[in-house]
Undergrad: 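The structure's right below; bear with me while I get my questions together.
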Number of protein chains: 4
Amino acid sequence: MTELLEAALQVFSSKGYRNTRLEEVAEAAGVTKGTIYHYFENKEALLIGVIEHYQTLAFGRVEEVLREVGLSVSARIRLLVRKAFVDADRTRRPMVSLLLRGVAHEVPHAHQRWLREGPVRLWTVIAQLVAEGQKRGEFRLDADGEVGARLLVSGLLVQVMWQQHADDIPELAVDEDRLIDSSVELFLAGLRPVGVVMAEK
Amino acid sequence: MTELLEAALQVFSSKGYRNTRLEEVAEAAGVTKGTIYHYFENKEALLIGVIEHYQTLAFGRVEEVLREVGLSVSARIRLLVRKAFVDADRTRRPMVSLLLRGVAHEVPHAHQRWLREGPVRLWTVIAQLVAEGQKRGEFRLDADGEVGARLLVSGLLVQVMWQQHADDIPELAVDEDRLIDSSVELFLAGLRPVGVVMAEK
Amino acid sequence: MTELLEAALQVFSSKGYRNTRLEEVAEAAGVTKGTIYHYFENKEALLIGVIEHYQTLAFGRVEEVLREVGLSVSARIRLLVRKAFVDADRTRRPMVSLLLRGVAHEVPHAHQRWLREGPVRLWTVIAQLVAEGQKRGEFRLDADGEVGARLLVSGLLVQVMWQQHADDIPELAVDEDRLIDSSVELFLAGLRPVGVVMAEK
Amino acid sequence: MTELLEAALQVFSSKGYRNTRLEEVAEAAGVTKGTIYHYFENKEALLIGVIEHYQTLAFGRVEEVLREVGLSVSARIRLLVRKAFVDADRTRRPMVSLLLRGVAHEVPHAHQRWLREGPVRLWTVIAQLVAEGQKRGEFRLDADGEVGARLLVSGLLVQVMWQQHADDIPELAVDEDRLIDSSVELFLAGLRPVGVVMAEK
DNA sequence: GATGAATGAGGGTTCATTCAT
DNA sequence: GATGAATGAACCCTCATTCAT
């Protein structure tokens, strides 16, 4: 059954949910069409199964970081973003692709849930951290932390997803570590008070 | 025929290409199914028609801004981003949605072309401007301008697209002007040399 | 309107009635689709129109030859076959093709009428002539004149029709005059009394 | 699957390929529309399937007869024609109908192949036999054997096909054995040297 | 559990036919 | 008379789903 989920994830994300025949999923999983119906009620249930199975891997207990007051806010943001995006798992990219495009029109409910529990939640936490940093004097007060957090999260998601097409469009390719690190650093630099050199890192 | 394109854009982007019956497009355009085939060879041609018709509105002659040496680099970046994203046209958001998700698996070629001529091109130009700013001393030399440009463009695209779901997920809603302005300002702030107050704005 | 009939004949016979769009007929006739409906109620009426217009050319007053008692039977048969098949008209071959295959399932009534008034009538008359020849002693009594007449008429029809494919299958090609003349001569030779040299020709 | 081919043969030949809905074939085979697509890629593939399945029955190893030098040429021709046309199989007539009319415009390639491997091949062999007979003195030298062979084969084909319409046009009806036997005898008689009684039969 | 033949609703596509201009 | 945009019934084809083995 894990094979089925794995196969479904790969095929759905690479061809699109509607463009995928159940037979293709079955074949990719090394079984036949009928077998899928032993484990899933129907095609949509399979899709939801995939989402639920892999989504848990995405953003764990993100809010915890809010309480780790020992660290500087910047450090906690770095931590958070790494936790969310640095991930050697080969299911991550397909999942982003699936959630970002494959699912919105097929199972709107699952899509909305993901939005809420995934990106929105992540950037909300980051925005809260920024607010805390502003109180602490770590960040300048006139910066729009929320929009910044949105940009950071959304931008990274799409960039990760687009790596899928790097074979066809070489300009898209970018080293993921650099992508993530540079993104966080620029984000933090944008929040830094003017005229103050941040010694911490 | 413009009615058809308009209708197709709306329906495709709101329900997804594959989930849309030609009959629905026809109905939305106030004609019947058969009429579509007077103007388009088939469903895919209609989709491509939509893309080609509205894409031109997207990013015009973006490169021009590289040559406007009279302005500061920051000013030119602000100009560019506004030109690309500030747009009262009600076709913009559906188009982004269509291109970002509806099209990748249906007409990969059109999708790739859009990527190249749209987002990639835009962030490439921005990255070039950043490089110029670094030479001029306007930006700090150790900033990763390219990643920043990617983040800015990708993030804005997704945020714009997600406004489509703001009715269902209130946390998604954000004022578009604020979104765009804050994004650019944060982006520029992240590039600013440390310890230097930028007088210009 | 004659242009329409002519065009319809050509296109119908070369592509088949069902495979022909009215638009193709119109185009071949140098008019547009709608025009056809000024002259013909519908597609089938056009087909029937074609058949009726050109069929008359086929077999005129074939029975007359029965009464021309001055001539030998052989001479009259030669006459008859030539009258029916020797024809420089470029509408003849398409007509045969149309009637032999294009029409049977489309307008069975017209097809049956053609069969009756065309081939069946022709071989009936020939069979009658053979019978007369047998009475006269011109032909041997034990020959199956009717089957011979059938073979002659049917065989010539198909051979004429198949000339349509002579471009693709060179083995099919045969000179029409030779085809017709040799056929009649062999037919007559087959009827000739054994051991008797026929001086007449 | 054999049921499908059988059903398709019957329906195609009686209504015409283009006039036949796949649903009718399915119904005739006692299955439903979708089932056809388990066995055949599409409608055309079904038609080709029919042709290939039944054509093999048509003319087997016709050339063998050329080498049977023990028999007189006349005997061998009789044998050949019987082998080709005397056939109690109820698939024969529909096949002839299908090949003679239903197929030329639908799958020209299959049609041409049939022409080449069927009628053309048969009359070529017969013509060769005639030539051999002429050398041997069995037939007169001035007879046009090739045209005669064409007439024999083509005429028989059409006559067989037209028996399909004997219900509607009684004059068409003819006993098939008589048709075939008389045809061959007349053909042979036409080739016989003048003034010589052929003792052999 | 697994299979794969069979089903049939759904939807893309064709094209004869109509009709306002 | 001629046009060609619009119509909609017909039909091919796809594929999720079922079920007997």
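The sequence lines fix the lettering, A, B, ..., with proteins before strands; numbering per chain opens at 1. In this text, all values refer to a predicted model and were calculated from it rather than measured experimentally.
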Undergrad: What distance do D:Glu6 atom CD and D:Glu3 atom CD have between them, rounded to the nearest 0.5 Å?
TA: 9.0 Å

Undergrad: Rounding to a whole Å, what distance do you find between D:Phe40:CZ and E:dA5:P?
TA: 13 Å

Undergrad: State the OG-CZ distance between B:Ser13 and B:Arg93, to the nearest 0.5 angstrom.
TA: 10.5 Å

Undergrad: Could you measure the distance from the CG atom of C:Asp168 to the NE2 atom of D:His109? Nearest 0.5 Å is fine.
TA: 10.5 Å

Undergrad: Would you indicate, yes or no, if F:dA6 has its OP1 or OP2 atom less than 4.0 angstrom from a side-chain nitrogen or oxygen of B:Tyr39?
TA: yes

Undergrad: With pairs defined as Watson-Crick or G-U wobble and both distances under 3.5 angstrom, please note down DNA chain E as a dot-bracket string, | for pairing with another strand.
TA: .||||||||||||||||||||

Undergrad: Pick the closest DNA chain E nucleotide for A:Val31 and for D:Val31 by heavy atoms, then say which residue is nearer the 5' end.
TA: A:Val31

Undergrad: Mind checking what makes side-chain contact (heavy atoms from CB on, under 4.5 Å) contact with C:Thr35, not counting sequence neighbours?
TA: C:Val31, C:Thr32, C:Tyr39

Undergrad: Using a 4.0 Å heavy-atom cut-off to protein, can you give one letter per nucleotide of nucleotides 13-21 of chain E, 5' to 3': B if the base is in contact, S if only the sugar-phosphate is, - if neither?
TA: BBSSBB---

Undergrad: Nearest 0.5 Å please: distance from the CE atom of A:Met161 over to the CZ atom of B:Arg101.
TA: 10.0 Å

Undergrad: Mind calculating the distance between CD1 (C:Ile36) and C1' (F:dG4) to the nearest angstrom?
TA: 13 Å

Undergrad: Given that C:Thr32 and B:Thr35 both sit by DNA chain F, which one's nearest nucleotide is further toward the 5' end?
TA: C:Thr32

Undergrad: In whole Å, what is the span from the CD atom of B:Glu24 to the P atom of E:dG10?
TA: 13 Å

Undergrad: Which residues pass the side-chain contact (heavy atoms from CB on, under 4.5 Å) test with B:Leu115, not counting sequence neighbours?
TA: A:Trp162, A:His165, A:Ile169, A:Leu172, B:His111, B:Pro119

Undergrad: Once side chain to side chain donor-acceptor pair (under 3.5 Å) is applied, what residue pairs with a partner in residues 17-31 of chain B remain, sequence neighbours excluded?
TA: A:Arg18-B:Asn19, A:Asn19-B:Arg18, A:Glu106-B:Asn19, B:Lys15-B:Glu24

Undergrad: In this structure, how many angstroms lie between the C1' atom of E:dG1 and the CE atom of A:Met1, rounded?
TA: 14 Å

Undergrad: Measure the OG-CG distance between B:Ser14 and B:Leu98 for me, rounded to the nearest 0.5 Å.
TA: 10.5 Å

Undergrad: In whole angstrom, give the distance that lies between atom CG of C:Leu4 and atom C1' of F:dG1.
TA: 13 Å

Undergrad: Report the residues that fulfil salt bridge (Lys or Arg N to Asp or Glu O under 4.0 Å) with B:Arg116, sequence neighbours left out, ordered by chain and then residue number.
TA: none

